[in-house]
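Sequential numbering from 1 along the given sequence is applied to the chain's residues.
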Amino acid sequence: MERATEADGGPPPRAQLAFRRRSVHARRARPESPTREQPLQCVPEPPEHSVPMVALPPIRSLRPGKSRDELIIQKLQQCEYIFNFSADIPSESQAKEIKRTNLIELNEVMCAPESHGGPTISEAVLQATISMVEVNIIRDFSPATPPGAPVFDPEEDFYFDPRWAHLQHVYSLLSNILDSPFVKAPFAQQCITRAFVRKKLELFRSYDKRERDALKNVLHRVYAKMIGYRSYIRSLLSQMLLRHVYDRDDGRIQGIGEMLEIFGSIISGFAHPIKPEHVTFLRKVLMPLHGTEELETYHPQLAYCVLQFVSKSAGPSVDAANGHASHVVSEIVLNGLLRYWPKCNSTKEVMFMNEFEEVIDALSYEAFAQFRTLVMHRVARCIGSMHFQVVERALVMLQNQKVIGELLEFSDNLLLPVLRSQVKGHWCKQVRERIRGCMDFIEGTDDTAADSSEDAADSDNHDEADLMAESMDAEAAMAADEADAAAIEDADAPAVAVMDLEPQPWQRGPKRARQHVNGEHNDEEGDVNDVETNAKWRRLEPSTVGPKEP
């Protein structure tokens, strides 16, 4: 009976199965794509160099040319020899001094202008320089601490690499070459490869702070000079920060603060509005760094980076076509701080409150109005803490200008109940006294607001009374003006009307009537009525009123 073939729906021949198994194993053993970054492997110590450590003639003794370049390359090859500084070997002391002298001379000569004896750096010299730098600085930092070894604390322990006597000149030479006007960006990019940059970033694991600072300065220059490497450097730094947050088995990275300093200068140069990829970096890399155990060692640099993002979000923070709100960065920062807020570590809580207040100060009033409820509830929770430093820092936050504006709304239902409970139950006497002063301030603010409302109502009533009084005064003034006008009209009338108002002779006494008829006026008698009568008469015209003078 014949077997069913694969075309008939039966199983494939045995040879084809064997070929398929081999092809599957081959695919599994195939290396990953070269575009994918591989983790840095342990770099063994370089072997001793074959060039003898003998004193060579000075570089300035030769004229610029091929022979001078050969001497420079020969000295660079001598500097590739690695010495063991852990053991004091007398026979190597002279060779160590020769290497140190060569490095100093290379720094002085290669970075000087041509008018002062400096060479025009050729491609061969630059390649030899990068090779020497890589041999000296690229080395292994074991990711795991050996069992039984004491844990290194950077705040209490200070580690100084014994090789720094040579390393400082190597880093200085690399920095000077990157700053040199003779080395253009395309020319340097041929020698400084991406693999070299990736290996160099792993040196942030170094325990020597001097080396990390020098590495930070070199990376600044690489980022500024080689524009094509900028996105690659940002990606590598982000990966290292993420490994520090989530991959604790990879070993502690000592240079988180230095990397954040680099990011601080990079963020300050971001264009406005901020791109979505940078907002993603803030949310997924920077904010999770607040939850690590080593936050105290790099918190100032991290807070600076976060504040740079907040200050950049004054306008639309991302592409307006995507419909994102202008306060998306502020929302990410405030929600991130509240998410990683420490529960039992008072020192971290005080640091968070410092950063929290700085973020509030950097926000606009419109953005702060949308998050004021979260802010006031967090301040109230900090006031309710039993640690005196946390309570004192929260009371200081109540004096912030933006927080003071919200006291009237949140004092009765949120702040005053917490303050009253802390006055009665907190263990620290100084804290209780400060809380009483804060309560007096809040209650005084409420009274001031009530008094201001009452004063506003009283001022309104006074204004109405003043308006009524002014209207009455205006009416009285109008009446007085009308009376004056009438009096003026009466004065301009004929004198007969005035004489009719005077008492007639028969209405006076007999003596006064006789004197009036005869035209006699005795002024010496001092009759008051007569004086008044004469005064009235003198105001009239003499031609029409009174007798003529004799």
Ion pair check, Arg436 and Asp440, cut-off under 4.0 Å:
no

Under-4.0 Å salt bridge between Arg393 and Glu357
yes

Any salt bridge linking Arg139 with Glu211? Criterion: basic side-chain nitrogen under 4.0 Å from a carboxylate oxygen.
yes

Counting only heavy atoms not in Arg230, do more than 12 fall under 6.0 Å of its CZ?
yes

Within the side chain of Trp341, is there an N or O that forms a donor-acceptor pair under 3.5 Å with the backbone of Phe352?
no

Step through the shown structure and confirm whether more than 12 heavy atoms of other residues, nucleotides or ligands are within 6.0 Å of CD on Gln430.
no

Lys348 with Glu296: basic N within carboxylate O range, under 4.0 Å
no

Closest non-hydrogen atom pair between Met287 and Leu337, with its separation:
CE-N, 3.7 Å

Polar side-chain atom of Arg163 near backbone of Asn136 as donor-acceptor pair, under 3.5 Å
yes

Decide if atom NZ of Lys96 counts as having more than 12 heavy atoms of other residues, nucleotides or ligands within a radius under 6.0 Å.
yes

Charged N to carboxylate O under 4.0 angstrom, Arg243 versus Glu202?
yes

Quick check: are there more than 12 heavy atoms from other residues, nucleotides or ligands sitting under 6.0 Å from CD of Glu277?
yes

Against Gln422, only a single residue in Met439, Met386, Arg434 fulfils side chain to side chain contact (heavy atoms under 4.5 Å, CB included); can you say which?
Met386

